[in-house]
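Notes follow once the structure below has been shown.
Note that the structure is predicted; figures quoted are calculated from it, not measured.
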Amino acid sequence: MRFIDDEDADDPMLSVINLIDLFLVIIGILMVTIAQNPLNPFSRDKVVVVENPGEADMRITIKDGQELTRYESNGEVGQGQGSRAGVTYRLDDGRMIYVPED
């Protein structure tokens, strides 16, 4: 077993080895972050990501298999013709329930 002497404490190679260890830790953290990303191509097949919900610049990204579809809001209220399809209720805990009409 070899101990670091006073003359070895000023060795510049020890600093380089410590920097290499630091970079390995940073690379490991980045790999974990990439693996947990919901749009990771190796994750699930169907993913929906909503960015800035309820804001004027809201974006919805849908990943279905290999296909990515992005919908962007232009801040305008939609209009059109149609019929009532059901009723939506908001519960006290914030959840939304949709009840379709016959």
(request) Check the pair Leu68, Thr61 against side-chain contact (heavy atoms from CB on, under 4.5 Å), reporting the backbone distance first and the verdict last. (result) CA-CA 7 Å; Leu68 280 177; Thr61 305; 4.2 Å; yes

Practice prompt. Could you check Val49 against Val47 for side-chain contact (heavy atoms from CB on, under 4.5 Å), going step by step and ending with a plain yes or no?
Written response: CA-CA 7 Å; Val49 177; Val47 177; 3.9 Å; yes

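Listed by chain and number, the residues in a salt bridge (charged side-chain N to carboxylate O under 4.0 Å, His left out) with Asp93 are Arg95 (sequence neighbours excluded).
In terms of hydrophobic clustering, with Ile, Leu, Val, Met, Phe, Trp and Tyr side chains grouped at heavy-atom distances under 4.5 Å, Leu24 and Leu30 are assigned to different clusters.
Within the structure, salt bridge (Lys or Arg N to Asp or Glu O under 4.0 Å) contacts touching residues 47-56 (residues at least two apart or in different chains) are Glu51-Arg59.
Applying the 4.5 Å side-chain rule to ILVMFWY residues, one finds Tyr89, Leu91, Ile97, Val99 in the same cluster as Val87.
By the neighbour-count criterion of 12 heavy atoms within 6.0 Å, atom OH of Tyr98 is densely surrounded, having more than that number from other residues, nucleotides or ligands. Within 6.0 Å of atom CE in Met31, 12 or fewer heavy atoms from other residues, nucleotides or ligands are found, so the atom counts as exposed in its surroundings.
Residues Lys63 and Lys46 are not in side-chain contact: their nearest non-hydrogen atoms beyond the backbone lie 4.5 Å or more apart.
Considering Ile27, Ile26, Thr33, Val32 as possible partners of Ile29, the one that fulfils the side chain to side chain contact (heavy atoms under 4.5 Å, CB included) test is Thr33.
In this structure, CD1 on Ile62 lies 11.5 Å from CZ on Arg70, to the nearest 0.5 angstrom.
When all heavy atoms of Met58 and Asn52 are compared, the closest pair comes out as CB-O, 3.3 Å.
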